[in-house]
Structure formats: C-alpha cells, structure tokens
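Both backbone and side-chain heavy atoms feed into the values below; hydrogens, waters and symmetry mates do not.
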Amino acid sequence: MSTNNRLIRIISHFSYPSPLAPPLRLPHSQPGADMSNLYAQTRLDRTEKALAALRSATEAYTQKQMEQQRPASVAELEVYYAQLWPLLQTLIEAQKNPSAPSFMDVEVSADELETLYVTFAQWLKRVAPDSGLDDSFVFSSAVPEGSGVVAARDLEADELFMRIPRKAMLTFETALESPLRVVIERDERLQRSHSLATALHLLFERLAGASSFWAPYLAILPAAYTTPLHASPAELRALKGSATYAAALLMVTTHVRQYVDAVDQIAAARARQGVKLPEFTFREFRWAVATLMARQNKILASSFRPGGRPVTTIALIPGFDSLNHAPFGGALKSAFDWPTQSSESFLHAAVANGGQIYIDYGGRPNSLLFAYQGFVVPALPGDRLLARFSLAVGDPLFKIKAMVSARLGLTHAEFAVPIRTATGAAAGAVPPPFAPLDQWRDVWRVLAVQCMTREEVSAALLGLTKAFKEAGVDPSKPGMDGAEMLEILQRTKHWLFADDCPDDWRVRVMSALKANVEAAHPAAAAEAARAVAKAAQKSAERREGAQLEIVEDDGDGDDASKAAAAAAEAGPEGEAVPDTAFTRLARKMVDGETALVVAQLARIEAGKL
C-alpha cells in the first residue's frame, strides 16, 4: 500500500505494559514505589472518567436517533462530532503513558525499514515458499510511493507472479481461532461486522509484539493514514460542500461508537470469562480500523464448497497488500484459487526487470480512494461519485411515501446514485456501480415516489397493496427475489414498472434528480449555476446581435467563488480550516468532485441523463 513517508512508525518486537493496566503493587520499601502507584492510579482514573464521558455522549446520540427514526442530517452529524472531539482529546491524553509508549510512537529510519523488510521477506518465504518472492518479485523502498513491489526479472503479461496461501493471511477465520472468539460469539455486532472483528484481531496481534505469528508482517505496516478517521472537525470542513462530507462525518462518528462498544464488550469478557486480551487505547483502535479499511480483501471462506454458493471472509494478505495502486480501466487480475487455497495475482501487462508492479483497486472512484486509502489520483479515468439522498423527513407525505418505497422493495434509508455513469431510464438491466439499488429503473422509481402528490402516492399505495393481496403474498417476506416481486408489481399497470415513463414524469423525475445532486454537492451546484448564468448571458448577446465589448474574465469571479467556499468551510465561530496534509488532499478530491458534478448537472439540464 502507498505511503509517502520515508520515516515509518512501526511496532517494536517486544510487548509494552498496557497503558490501562492496574497499578503495580510494589513493596513500600522500594524507592518511589508509592509515587509510581499514585501516578498509575491517577492515569487510570482519568482514563475511566474520560471514557465514561465519551460513552454518555454516544449513548445519548444513539437514543436520539432511535427516537427520530431517520438518518441524521449533515448539520446534526457536525454538531455531534464537534461534541465528541474534545472528549476524544481528553481520552487520548489520559491514555498516554510516557514510561510505556505505544507501538505507534516508535520511529525507524529508512535503513531500519530496509532491515524490517528483509525480516518480512524471510518470514514470507518460510510460510509461503511458492509465493514468487525473489523469483518474480521483490519488495523495495526505492519507489516514489515509499515502498512497493518490483519485478525480480522480466515478466510477461498475464503471468502469475504472486501466490499467497491462506495460512499466511490474517482473517476473520483466524480471529475465531484466537481468544477474541469468546467476545465475537457474544456480540451480534461483531458477528455481523466481520471487518470490525478482524480489525480487533489485528490490533491484539500487534499488541502481542514478537509473540505474534504475523509479527514480521505487522512490523512493516504504517502507523498513520491520511483518512477522515484521523481528521478533526475543523479539518473535515475542507470537505464541506461536497458529497463526501456527510459520508466522512458518518464514518468518524460511527467509529467512535464502535470503540466504546468494543472496550465495554472486551472488559465484560475479561470479567465474566477471564479472557486474556490486553487493554488498548483509542489511537491504537483507530490504527487497526484504518489499516483494515485500507488493506482488506475478500477471499473464499473455508466453509465454501465447490459448486455451492460463494462464501467469503475478510482477509489481510501479506505481500499482496504491498502492491501500490494504478488505474488501468480494467478488472483486477487477482483471485482466490480454491484448489491451491491461495490468492493468485496475474500481471495486467509486461513489466521489465526492476519495474514496479501495480494493481487496480477495483475501479474505485477518488471519493472512496480518499476515504479508505487516504490518497487521490489526479485525472482518474472513469472517476465518479455518489449523490446520496433519502426521502425528506420534513415532507408531510413522508410516511406514506416510505410505505410505497417499502412495497417497491426499496427499503434503504438512503440511496446512492453514481452521477457519472447514468445512461437513461431504459437502461434498466444495467446495474449502477456502487449503488445499493439493483437497476437504474429502481433509481427512477425512488425519485418518482419522492416527487408524487398526495393523490398520486395514495393511488400507488392502493394499487401496490391490491396487487400483493391478489397474489396472496406478503411483500416483506424473506427470500422473495426481484423477479417474483417485479412480476407481481407489473399487475398494477403503473408506468413505474414499464421500460420508460411518460414525458411529464420524466421532467419531474429529472428535476428531482437535479435537486438531489445539488443538495449533495452545493459547492458544485453554485459553480454550475454560475456557468449557466455566464452561458445564458453570452447566448443573449449573440441573439440580440449586440456589439458589446467582450470583457475577459479577470479571475474576480473565481476569487468570489473561493471566498464563498472559504466562508462555507468556516466553523460556527468563524474558525478557518487548517492547512494540513489532510486538508490539502481533501481539497484536491473536492475539486475533482466539483468538475464531475458540474458536468453531470449540465447533462441533467439538457435532459441527456
């Protein structure tokens, strides 16, 4: 994975005393024993107090959301994260232990990193003798990204160059073979979220130091990422006005609640069953979650049987995740091979001896590369982003519209439309990438429901209810597939289930889509409006044949746009967005988003979507 740091913080190969461990019980005869005990107890008290405050805040917010029965607005998420941030800083300070620093605070030089990679390579050759290391590829820190994989000889296109066996991987399945299993079995959230469970497994393995099977692999992982998880409320405001801002706020606030829950669940397991799992700090938990988000892959689970339904599991694949990203516009040439129980990787093109070997992270847009990997690719081919929207809770018809959406099988609280790749309502058979909707026709249905009048939505609900009743089925029954539901819905004779919609509804649906896109990305909406106004002025001048002097754009408009953007970024008390590595990266991503949205709004305006 990419890292721009020549100095990389790593885990030391020995275990530190836990920063949350109870005070040592030293004999009173030892010099300084009383002061040592007092300091440790004070630190523990401060930590418990800070954690209690954080727990109270997350519980109050969760209760409020349950009562509201709707997704939180961006404004609500802003207020919530602003409330959490000082509590997090208090907790982080309380958890610091100068006498036993965290693994995250140990720095090594480039030369030391080379030595660590040598140790990692030796480990990989031992646990994966057929990996291709030294024959097809080697690890290198002499690449622009800081570290990566280069060819050990001339390699041909489509050649198998890397094979990593299951036994070398850190997975959700290995988490179930660890002491963490007791916690997972009693926590439904960890059973549902394999990523979170695997992140905790990763964290405990790193805290185990040299005793971990994966210690040489863990030693080369970076300790910091430029992702929203590490950003302050002021830094996140660099995303304000973009479609990614709400997603980033939701990510960071959810992460805090996950930490509090994990601490409580593991503490309960220790008390109840004597589970031997070490204490961990918020910063260490955040590192584990960020590492897994940046590097996780899916492989076939051990429970899979050839010919059966694919069953997957979350995995970190040592060696494979050292490959850097480069977009090729094609599918990733890597897959899990069941007969050899290995992840196999093939070259997309020939690579000369010493050339860096890249992979494509599955065609991810810059918004997801930024959120999960912490970088953006300038002028990314095929870049796109999601315009997220939901039924307006303030709509007096919200409840009945929600019922119609549920009858349509569209029960998501929030929908995502890839605004770059839409091709029209008739393209109903083409699944929209990265959208939780099965077909483009579903997108149009949601938008149509959104802009229905009371009479229209009532008629639609009546027709849908009648169709299901005549079919003798419950629309919410588990296991009903899309084809079965569509067959029933078509009996309503409503245009929603035809291949296209009437012209008057097309105009209404297009307007609804435009409104949703503008709401998701107001900065781009303002830029698009400015462009439309300038185009309209020039068009009017041409039609009238006026002999007006053309005044070149002196940049004042751009300055005004920048000033407006700066005002939007400012906090409630006028706090400016700081200039950090995160905010500089965020602005690059937002600039790319804005260009995409402006182009798409122009297409919607022209009725070409």
Side-chain angles (χ1 to χ4, degrees), residues 1-5 7-10 74 77-78 80-81 84-85 88-89 92 102-104 145-147 193 195-196 198-200 202-203 206 218 220-240 242-259 262 281-297 314 316 321-325 361-362 364-378 380 383 385-386 388 434 569 577-593:
M1 295 293 169
S2 301
T3 176
N4 294 323
N5 298 327
L7 288 179
I8 297 183
R9 296 172 180 172
I10 62 162
V74 174
L77 287 170
E78 280 184 310
Y80 180 40
Y81 192 42
L84 292 180
W85 183 252
L88 284 173
Q89 302 317 298
I92 290 171
S102 168
F103 64 79
M104 300 177 61
E145 295 84 355
S147 63
S193 178
S195 293
L196 179 57
T198 308
L200 286 169
L202 167 66
L203 173 57
R206 187 151 194 181
L218 303 178
I220 65 170
L221 297 179
Y225 299 88
T226 314
T227 65
L229 284 184
H230 297 77
S232 68
E235 288 177 311
L236 280 186
R237 283 199 296 275
L239 297 170
K240 202 165 185 178
S242 81
T244 303
Y245 184 48
L249 283 168
L250 184 61
M251 175 189 291
V252 296
T253 52
T254 300
H255 165 67
V256 174
R257 178 57 192 263
Q258 288 174 336
Y259 168 74
T281 67
F282 173 77
R283 290 175 64 232
E284 290 164 346
F285 176 81
R286 181 173 61 186
W287 167 86
V289 172
T291 297
L292 198 80
M293 287 197 321
R295 294 170 174 264
Q296 69 178 348
N297 291 273
I314 296 294
L316 292 180
D321 63 8
S322 293
L323 293 158
N324 288 313
H325 168 72
Y361 289 174
R364 284 188 170 189
N366 264 330
S367 56
L368 294 184
L369 291 175
F370 169 78
Y372 292 99
Q373 273 75 35
F375 66 86
V376 297
V377 178
L380 178 65
D383 194 13
L385 69 145
L386 305 181
R388 300 185 180 276
F434 301 105
E569 287 180 354
V577 173
D579 182 23
T580 65
F582 175 85
T583 57
R584 290 191 292 271
L585 185 67
R587 287 190 174 101
K588 287 182 181 179
M589 195 277 301
V590 172
D591 287 345
E593 276 194 4

J.: If you round to the nearest 0.5 Å, how far is CZ of F375 from NZ of K588?
T.: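 Here the rounded value is 12.5 Å.
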J.: Just jot down the ring-ring contact (aromatic ring centres under 6.0 Å, His included) partners of Y372, sequence neighbours excluded, or say none.
T.: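 ring-ring contact (aromatic ring centres under 6.0 Å, His included) check on Y372 returns nothing, list empty.
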J.: For T253 and L250, indicate whether the former's side chain and the latter's backbone hold a donor-acceptor pair under 3.5 Å.
T.: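 At least one qualifying donor-acceptor pair exists.
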J.: Please check if any side-chain donor atom of Q296 sits under 3.5 Å from a side-chain acceptor atom of T198, or the reverse.
T.: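 The answer is no; no qualifying pair exists.
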J.: Any side-chain heavy atom of L236 within less than 4.5 Å of one from P233?
T.: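 L236 vs P233: side chains apart.
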J.: Report the distance from atom CG of D321 to atom CG of L292, rounding to the nearest 0.5 Å.
T.: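 With rounding to 0.5 Å, CG (D321) is 10.5 Å from CG (L292).
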J.: Of all the heavy-atom pairs spanning S147 and N324, show the shortest one and how long it is.
T.: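 Heavy-atom minimum between the residues: O-ND2, 2.8 Å.
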J.: With sequence neighbours left out, what residues match D579 under salt bridge (charged side-chain N to carboxylate O under 4.0 Å, His left out)?
T.: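 D579 satisfies salt bridge (charged side-chain N to carboxylate O under 4.0 Å, His left out) with R584 only.
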J.: Let's go through E284 and F103 carefully: what are the C-alpha distance in whole Å and the side-chain angles of both, what is the deciding distance for side chain to side chain contact (heavy atoms under 4.5 Å, CB included) to 0.1 Å, and is it a yes or a no?
T.: CA-CA 8 Å; E284 290 164 346; F103 64 79; 3.7 Å; yes
J.: Would M104 and T281 count as a side chain to side chain contact (heavy atoms under 4.5 Å, CB included) if you check the C-alpha gap in whole Å, the side-chain angles of each, and the deciding distance to 0.1 Å?
T.: CA-CA 11 Å; M104 300 177 61; T281 67; 5.6 Å; no
J.: Please name all residues satisfying salt bridge (charged side-chain N to carboxylate O under 4.0 Å, His left out) with E235, sequence neighbours left out, ordered by chain then number.
T.: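 Expected list: none.
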J.: For the residue pair A246 and L77, what are the closest heavy atoms and their distance?
T.: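 Nearest pair, atom of A246 first, then L77: O-CD1, 4.1 Å.
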J.: Write down the atom of S232, the atom of Y81, and the distance for their closest heavy-atom approach.
T.: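 Minimum heavy-atom separation between S232 and Y81: C-CE2, 4.0 Å.
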J.: Taking all heavy atoms of P222 and all of R295, pick out the closest pair and write down the distance.
T.: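 Closest approach of P222 to R295: CD-NH2, 3.4 Å.
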J.: So, using ring-ring contact (aromatic ring centres under 6.0 Å, His included) as the criterion, who are the partners of H255 when residues are at least two apart?
T.: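 Here the qualifying residues are F282, F285.
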J.: Checking the side chain of N366 only, and the main-chain atoms of V590 only, is there a donor and an acceptor separated by less than 3.5 Å?
T.: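 A pair under 3.5 Å: no.
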J.: Please report the interatomic distance CZ(R283) to OG(S102), rounded to the nearest 0.5 Å.
T.: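 Separation between the atoms: 5.5 Å.
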J.: At what distance, to the nearest 0.5 angstrom, does CG of L202 lie from OG of S195?
T.: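 L202 atom CG to S195 atom OG measures 12.0 Å (nearest 0.5 Å).
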J.: Which residues pass the ring-ring contact (aromatic ring centres under 6.0 Å, His included) test with Y245, not counting sequence neighbours?
T.: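 Y245 satisfies ring-ring contact (aromatic ring centres under 6.0 Å, His included) with no other residue.
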J.: Please report the C-alpha distance between L221 and R206 in whole Å, then the side-chain angles of each, then the deciding distance to 0.1 Å, and finally whether the side chain to side chain contact (heavy atoms under 4.5 Å, CB included) criterion is met.
T.: CA-CA 10 Å; L221 297 179; R206 187 151 194 181; 4.1 Å; yes
J.: Output the distance between atom CG (L229) and atom OG1 (T254), rounded to the nearest 0.5 Å.
T.: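 Reported value, rounded in 0.5 Å steps: 10.0 Å.
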J.: Suppose we screen for side chain to side chain donor-acceptor pair (under 3.5 Å). Which residues come up paired with T291, at least two apart in sequence or across chains?
T.: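 By the side chain to side chain donor-acceptor pair (under 3.5 Å) rule, T291 matches Y225, W287.
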J.: What's the shortest heavy-atom distance between M589 and S367, and which atoms?
T.: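 Residues M589 and S367, closest heavy atoms: SD-CA, 4.0 Å.
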J.: Quick check: closest heavy atoms across A371 and M293, and the distance to 0.1 Å?
T.: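 Nearest heavy atoms, A371 then M293: O-CE, 4.1 Å.
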J.: Rounded at 0.5 Å granularity, tell me how far OG in S242 sits from CZ in R587.
T.: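 It comes to 12.0 Å.
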J.: What residues, two or more places apart in sequence or in another chain, satisfy side chain to side chain donor-acceptor pair (under 3.5 Å) together with T227?
T.: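 For T227 the side chain to side chain donor-acceptor pair (under 3.5 Å) partners, ignoring immediate neighbours, are H230.
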J.: A586: which residues meet the side-chain contact (heavy atoms from CB on, under 4.5 Å) condition with it, sequence neighbours left out?
T.: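 Result, side-chain contact (heavy atoms from CB on, under 4.5 Å) vs A586: A238, L239, F370, F582.
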